[in-house]
2 protein chains.
Amino acid sequence: MSDFRAIPKSPSIPEIVLEEIQRLIAEGKVRPGDHLPSETELAERFGVGRSSIREAMRVLQLIGVVEVIQGKGTFVRQAGILPLMIDWSRISQTGLISEAMEARQFMEVLLARLAAERATHDDIEALRRSLRQSEESLSNMESNVRAGVDFHLVLADAAHNQILALMYRTITDLYLEVARRMRITPEMAHDRFHDHERLLEAVASRDPQAAADIMKDHLDKAYQILSAGEPETKSA
Amino acid sequence: MSDFRAIPKSPSIPEIVLEEIQRLIAEGKVRPGDHLPSETELAERFGVGRSSIREAMRVLQLIGVVEVIQGKGTFVRQAGILPLMIDWSRISQTGLISEAMEARQFMEVLLARLAAERATHDDIEALRRSLRQSEESLSNMESNVRAGVDFHLVLADAAHNQILALMYRTITDLYLEVARRMRITPEMAHDRFHDHERLLEAVASRDPQAAADIMKDHLDKAYQILSAGEPETKSA
DNA sequence: CCTTATCAGGTCATCAGACATCTGACAACA
DNA sequence: TGTTGTCAGATGTCTGATGACCTGATAAGG
């Protein structure tokens, strides 16, 4: 049973249009200040409806890639970093996955240390609950991955810095995409569960250094498995 | 003559819908996992067309606030930091500034350490250039602030992790908003310049611990000035 | 009894068309 | 010359129609 991975859903038309426009900008085909073709013309050129163009433009407008002025037209702007962050998929394309994993690692070690310093009684209770839920789903791989991620998110909240927690959550979204391709054995699940137990212990006994060390060790393991699963970035 | 102020342009309907939905989520009226009303029903309730709802939903979907499943409906998700980044103002509204400052501090110390480990010859050259530019603008406060920030950004790039650099950059955008209200004396500018010199030294001599320590000290000073400038968060 | 087909209802995906509103340019007018 | 009228073209918005997809109930078949 199970070797049936979920079928990746193809991107919707507005998403395709979105990436197409961003590609044009990235390749310098259209430059900041340029006047984009009208929505009607774009719709004709792409062979899609005007509403699809509009949905894409609305997104581009909000993330600052274009400026839309009623009656005048749509103009390309000097974009910031939002476009990159929104389109995580581009991160894998540009080979930033290992950097994202590394960033996640640093964030998580920091969050573990902070959690050990600041966790309230309620936080520790929440961690305990999450751990118990993880234990119950040890047999079911699918839900176990979710439960495992949940533990990390609860830990992030226990660090009592919402900005850091939100940033961590953003990176984790990407991690889940990558982790989906991993094959997880029951031993690995059990091992991870044990790590979580030790983490909870360190947090509960307010030992920041231990929490950080355990987390670092915990993530090193996961990272090794990950890079072993996809052997490509080797050699110089 | 003149009492005719420009009429402020009202936000478009999809933008209003967007904020309305986000408000509902922020206020906990709808919670993660909840099933949003159908597009048709939302259109009727808000008294707008379905296409306006769709444009708003497309944005919410892309920034991870909702998950849209064809045939099933639209569901609220646990969002990351993207919604906040799109609307920075909300960070100050929700009193997250001190947390953002703390996050910036952690990120920057980490980046300084990494930079000391990984900086190439070119990176160090870029740092030197930035420092020199900062020295030239020591007399001009306005451009000096910019130059000072630039040094930190160059340092972030020298850490050779684009994801961390991106995250740092986003936080720094907010920091600039806050820093604008600070009154900067020539002594402070000179002091900061000296800190930057020491940082460059630590990086050039590949001393991660020293770089991290100097940066921590450097930011502590700035943070003290900042909290002194706006005395409000005192007492319990 | 269990499995499979089929159907109906609800929902999102997309398109086409219509009208409103805004902008800029140019013609018409005084 | 300067103001006003008009129009083309752009975005803003709404509506209706069609298709694709998911769910649950029910019927047909083994």
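Owing to the predicted nature of the structure, the values given are computational and were not obtained by experimental measurement. Protein chains get the first letters and strands the later ones, always in sequence-line order, with residue 1 at the start of each.
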[X] vs [Y] side-chain heavy atoms within contact, under 4.5 Å:
X: A:Gln22; Y: A:Leu60; answer: yes
X: A:Asp123; Y: A:Arg118; answer: no
X: A:Ile16; Y: A:Val48; answer: no

Distance check: side-chain N/O of B:Arg58 vs OP1/OP2 of C:dT14, anything under 4.0 Å?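 Yes.
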Qualifying residues under side chain to side chain donor-acceptor pair (under 3.5 Å), relative to [X], sequence neighbours excluded:
X: A:Glu15; answer: none
X: B:Gln105; answer: B:Asp220
X: A:Arg31; answer: none
X: A:Arg129; answer: none

What is the distance, to the nearest angstrom, from the CD atom on A:Glu55 to the P atom on C:dA16?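 About 15 Å, once rounded to whole Å.
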Please list residues of residues 33-46 of chain B whose heavy atoms come under 4.0 Å from any atom in DNA chain C, ordered by number; otherwise none.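 Correct list: B:Ser38, B:Glu39.
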Which heavy atom of B:Ser130 sits nearest to which heavy atom of B:Val154, and what is that distance?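 Looking at all heavy atoms of both residues, the closest pair is CB-CG2, 4.4 Å.
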Base, sugar-phosphate or nothing for B:Ser51? Non-hydrogen atoms, less than 4.0 Å.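 Here B:Ser51 touches the bases of the nucleic acid.
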Under 4.0 Å between any heavy atoms, over every strand shown, what does A:Ser52 touch: base, sugar-phosphate, or nothing? Just pick one.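 Result for A:Ser52 = sugar-phosphate.
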Using ring-ring contact (aromatic ring centres under 6.0 Å, His included) as the criterion, list what pairs up with A:His218, not counting sequence neighbours.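 For A:His218, the residues satisfying ring-ring contact (aromatic ring centres under 6.0 Å, His included) (neighbours in sequence not counted) are A:His152, A:His196.
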According to the side-chain hydrogen bond (donor to acceptor under 3.5 Å, both in side chains) rule, which pairs have a member within residues 57-70 of chain A, sequence neighbours left out?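 As it turns out, the side-chain hydrogen bond (donor to acceptor under 3.5 Å, both in side chains) pairs with a partner in residues 57-70 of chain A, which skip direct neighbours, are A:Arg58-A:Gln61, A:Arg58-B:Ser12, A:Arg58-B:Glu55.
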Run the side chain to side chain contact (heavy atoms under 4.5 Å, CB included) test against B:Asp157 and tell me which residues pass, sequence neighbours left out.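 Applying side chain to side chain contact (heavy atoms under 4.5 Å, CB included) to B:Asp157 gives B:Ala165, B:Arg169.
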Side chain A:Asn161, main chain B:Glu99, donor-acceptor under 3.5 Å: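 Between the backbone of B:Glu99 and the side chain of A:Asn161 there is a qualifying donor-acceptor contact (under 3.5 Å).
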Per-nucleotide protein contact string for nucleotides 19-27 of chain C (B base, S sugar-phosphate only, - none; heavy atom under 4.0 Å): --BBSS---
End-to-end axis angle, where each axis spans five pairs of the helix from C:dC1-D:dG30 to C:dA30-D:dT1, to 10°: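 The value is 10°.
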Quick one: ring pair (Phe, Tyr, Trp, His ring centres under 6.0 Å) pairs with a partner in residues 24-67 of chain B, sequence neighbours left out?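 Output for this query lists B:His35-B:Phe75.
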First and last nucleotide of DNA chain D touching chain A, 5' to 3', heavy-atom cut-off 4.0 Å?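 Range of nucleotides touched by chain A: D:dG9 to D:dT13.
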